[in-house]
Q: 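What follows is a single structure, and I will ask about it in a moment.
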Amino acid sequence: MTEPRTRAVLALSAIGLAGVLAACGSGGDGSSSGTTAPPPARKSTAPAGATRVTADLADFRITLSRRAFTPGTYAFVATNTGKHDHALEVEGPGGENRSDTVAPGGSTTLTVTLKAGRYEVYCPVDGHKDLGMKTGITVAGAPVDKSGVNKSGTGPATPGTPATPGTPAPPTSPGHGY
């Protein structure tokens, strides 16, 4: 008599296990493809008053949309175009700031206030920095207001821009890009 009872328990257990496994494999719409889509890209907008800079995070390099920076607030919109998780870190005189980690296909925004000086921009995930996923930026000059005049009031916001009459031209450095 124990043999039929054992068979019934095993049959019910197998049916229950099959139901649990089917529920785990469901893609939410009743199907299971065995693959997962990348997370939807989050809306990455720069906060009011911040200058937008795009950062392409690929395997294993970082490409920024601009190379010239003046002191001020920047919104680094980091998009992961690689096949591994990445993040963005900006480290220098303004402090150390790190974005959220982003899965392939996703994006995030890191808002940073940069002061004059040199900064290192890199991926802090799993040794990616040592694999070459880093770049440097230099923040120079006086902060720029919305009119395009530097906040010292002595001339144009960027070297090479003609000064307005009656204002001295900004100083230029003697070569070497410094």
Q: Are any of the side-chain heavy atoms of T79 and L57 separated by less than 4.5 Å?
A: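 They are not in contact (no side-chain heavy atoms under 4.5 Å apart), so the answer is no.
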
Q: Between V112 and T73, is any pair of side-chain heavy atoms under 4.5 Å apart?
A: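 In short, these two side chains do not touch, never coming nearer than 4.5 Å.
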
Q: Could you go step by step and tell me if L114 and Y74 meet the side chain to side chain contact (heavy atoms under 4.5 Å, CB included) rule?
A: CA-CA 7 Å; L114 300 177; Y74 292 84; 3.5 Å; yes

Q: With V102, which residues qualify under side chain to side chain contact (heavy atoms under 4.5 Å, CB included), at least two apart?
A: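 If we apply the side chain to side chain contact (heavy atoms under 4.5 Å, CB included) test to V102, skipping adjacent residues, the hits are N80, T108.
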
Q: Show the nearest heavy-atom pair for residues A116 and P93, with the distance to one decimal.
A: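 For A116 versus P93, the nearest heavy atoms are O-CG, 3.6 Å.
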
Q: Does the side chain of L110 reach to within under 4.5 Å of the side chain of V90, using non-hydrogen atoms?
A: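 L110 vs V90: side chains touch.
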
Q: Please list, chain by chain and in numerical order, all residues satisfying salt bridge (charged side-chain N to carboxylate O under 4.0 Å, His left out) with E120, sequence neighbours excluded.
A: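 For E120, the residues satisfying salt bridge (charged side-chain N to carboxylate O under 4.0 Å, His left out) (neighbours in sequence not counted) are K129.
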
Q: Donor-acceptor pairs under 3.5 Å, side chain of residues 59-69 to any protein atom, not counting sequence neighbours: which ones?
A:
from	atom 1	to	atom 2	distance (Å)
D59	OD1	K83	N	3.3
D59	OD1	H84	ND1	3.4
D59	OD1	H86	NE2	2.6
D59	OD2	K83	N	2.6
D59	OD2	H84	ND1	3.2
R61	NH1	D56	OD2	3.3
R61	NH1	T63	OG1	3.0
S65	OG	T54	N	3.0
S65	OG	T54	OG1	3.4
R66	NE	A68	O	2.9
R66	NH2	A68	O	3.2
R67	NH1	T135	OG1	3.4
R67	NH2	G136	O	2.8

Q: Do you know the tightest heavy-atom contact between Y122 and P124?
A: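 Between these two residues, the closest heavy atoms are O-CD, 3.5 Å.
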
Q: Applying a strict under-4.5 Å side-chain criterion to I, L, V, M, F, W and Y, I'd like to know whether L88 and M133 cluster together.
A: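 Yes.
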
Q: Does T109 reach the side chain of F76, with side-chain heavy atoms less than 4.5 Å apart?
A: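 No, too far: nothing below the 4.5 Å cut-off.
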
Q: Any salt bridge (Lys or Arg N to Asp or Glu O under 4.0 Å) pairs touching residues 84-99, not counting sequence neighbours?
A: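 Every pair satisfying salt bridge (Lys or Arg N to Asp or Glu O under 4.0 Å) with a residue in residues 84-99: there are none.
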
Q: Taking all heavy atoms of P71 and all of A140, pick out the closest pair and write down the distance.
A: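 Heavy atoms of P71 and A140 come nearest at CD-O, 3.7 Å.
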
